[in-house]
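Scroll down for the structure; my scribbles are underneath it.
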Amino acid sequence: MKTRITRRSVLNTVVPAALVGFAFPRSAKAADQPHMQSALDALRLAKRELEQATTDKGGHRARAIGHVNQAIEQVERGIAFDRRH
């Protein structure tokens with residue numbers, strides 16, 4: 001079965017992650033950058049979903065996981081940068 005990534009499937013992943021952020025507030029340190037924290041939550045959820053997907057989809061799933069890992073790293077670096085400046 002071929003799985004397509006659609007706007008709807010992305011929203012079905014990102015929106016619940018954002019709602020989790022609202023339902024379970026973080027510490028004051030994390031609250032200083034709510035949009036970056038929400039993005040980080042959404043990326044981590046997307047990574048979990050990709051890791052649970054069946055088969056490798058011709059290498060695309062593995063590459064997507066790699067891109068998500070890079071995005072997580074960049075968001076974390078952005079948060080750290082903002083806290084220092």
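These values consider heavy atoms only, across backbone and side chains, with no hydrogens, waters or symmetry-generated copies.
- The two residues Ile72 and Arg44 make their nearest non-hydrogen contact at CD1-CG, 4.1 Å.
- Looking at heavy atoms from C-beta onward, Asn69 lies in side-chain contact with Lys47 at the 4.5 angstrom threshold.
- Atom CE of Met36 sits about 10.0 Å away from atom CD of Glu76, to the nearest 0.5 Å.
- In terms of the salt bridge (Lys or Arg N to Asp or Glu O under 4.0 Å) criterion, residue partners of Arg77 (sequence neighbours excluded) are, by chain and number, Glu73.
- Residue Thr55 holds its OG1 atom at 11.0 Å from NE2 of His60, rounded to the nearest 0.5 Å.
- Proximity of a side-chain donor or acceptor of Asp56 to a complementary backbone N or O of Ala62 within less than 3.5 Å is detected.
- From Leu43, atom CG reaches atom CG of Leu50 across 10.5 Å, with rounding to the nearest 0.5 Å.
- When the side chain to side chain contact (heavy atoms under 4.5 Å, CB included) test is applied to Gln52, no partner is found at least two apart in sequence or on another chain.
- Considering CD of Glu51 and CZ of Arg48, their distance stands at 9.0 Å, rounded to 0.5 Å.
- Side-chain contact between Thr54 and Arg61 is absent, with no heavy atoms from C-beta onward closer than 4.5 Å.
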